[in-house]
Amino acid sequence: MRAVVQRVNGARVAVDGETVGEIVGEGLCVLVGVTHDDTSRQAAQLARKLWGLRVLSGEKSCSDLGAPLLVISQFTLYGDARKGRRPTWQAAAPGPVAEPLVDEVCAALRELGATVAEGRFGADMKVELLNDGPFTVLLEV
């Protein structure tokens, strides 16, 4: 499981012009990719890591500040463009495998006390955010 984490000062995701997920103020925008052999254990581990990641102002975490997270599925995180000019997506898990695991990340975050907004799995999403810093980090569990 792989996540691109951006420290933001507000973020939203829209589908067909309708906002489906939004966070206001300081928080994290998290793009989550799933590969074939990822497990529920890894989803829970990623949630704990995201909740406690000390990348917000003052080296605080979402858990310290009660800051929200916007979680968006992103199969392209497992794209491979090492050969040729067109990426392959063979390492990305198919929807029936990936969607439940992304849902588990969100559920585990909520169980930890997080406020979580979400994108819509498999949709053509438009993401807007104000990257704070800019600050972006890649996590793998």
Side-chain angles (χ1 to χ4, degrees), residues 1-84 86-141:
M1 193 165 281
R2 188 175 281 171
V4 172
V5 181
Q6 296 176 294
R7 183 176 68 195
V8 299
N9 190 357
R12 67 184 283 269
V13 60
V15 175
D16 295 328
E18 172 194 350
T19 298
V20 297
E22 182 173 22
I23 61 172
V24 177
E26 186 174 28
L28 298 178
C29 181
V30 183
L31 307 175
V32 177
V34 178
T35 192
H36 300 279
D37 57 356
D38 286 338
T39 65
S40 294
R41 186 179 141 276
Q42 288 167 296
Q45 182 181 3
L46 179 60
R48 287 190 306 274
K49 185 76 166 178
L50 292 167
W51 187 231
L53 192 63
R54 295 174 51 179
V55 296
L56 299 178
S57 58
E59 293 188 12
K60 303 286 186 181
S61 67
C62 287
S63 65
D64 294 329
L65 301 175
L69 300 94
L70 174 60
V71 177
I72 302 166
S73 63
Q74 187 73 41
F75 78 92
T76 62
L77 293 182
Y78 279 100
D80 184 356
R82 290 178 289 181
K83 195 173 184 182
R86 184 176 300 135
T88 66
W89 314 112
Q90 294 171 348
V97 173
E99 186 174 13
L101 288 173
V102 174
D103 289 345
E104 285 185 38
V105 170
C106 294
L109 281 164
R110 288 184 180 107
E111 286 177 16
L112 292 167
T115 299
V116 181
E118 299 178 54
R120 185 173 297 155
F121 192 91
D124 180 16
M125 296 178 275
K126 307 300 181 208
V127 180
E128 295 179 27
L129 58 92
L130 181 57
N131 193 318
D132 181 11
F135 192 101
T136 303
V137 65
L138 177 64
L139 298 178
E140 293 199 60
V141 294

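Because the structure is a prediction, the values reported are computed rather than measured. Basis for what follows: all heavy atoms, side chains included, without hydrogens, waters or symmetry-related copies.
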Taking the side chain as everything from C-beta on, heavy atoms only, tell me whether Leu138 gets closer than 4.5 Å to Val4. yes
If every non-hydrogen atom of Ala108 is compared with every non-hydrogen atom of Ala47, which pair is closest and at what distance? CB-CB, 3.5 Å
Can you name the closest pair of heavy atoms from Gly119 and Met125 and give their distance? CA-SD, 3.8 Å
Donor-acceptor pair, distance only, cut-off 3.5 Å: does the side chain of Asp103 make one with the backbone of Pro100? no
Using a 6.0 Å cut-off, check whether atom CZ of Arg110 has over 12 heavy atoms from anything other than its own residue. yes
Is a side-chain donor or acceptor of Glu26 paired with a backbone partner of Ser57 at a separation under 3.5 angstrom? yes
Are any of the side-chain heavy atoms of Leu50 and Val30 separated by less than 4.5 Å? yes
Hydrogens and angles aside, do Thr35 and Asp38 bring a side-chain donor and acceptor to less than 3.5 Å of each other? no
Okay, side chain of His36, backbone of Gln90: is any donor-acceptor separation there less than 3.5 Å? yes
Judged by atom type as modelled, is there a donor-acceptor pair below 3.5 Å linking the side chain of Glu128 to the main-chain atoms of Arg12? no
Give a yes or no on whether the backbone of Leu77 and the side-chain of Arg2 come within a donor-acceptor separation of less than 3.5 Å. yes
Side chains of Leu53 and Leu139: does their closest heavy-atom pair fall under 4.5 Å? yes
Are Ser61 and Val55 packed together at the side-chain level, in the sense that at least one heavy-atom pair is separated by less than 4.5 angstrom? no
Do the side chain of Glu18 and the main chain of Val15 share a donor and acceptor less than 3.5 angstrom apart? no
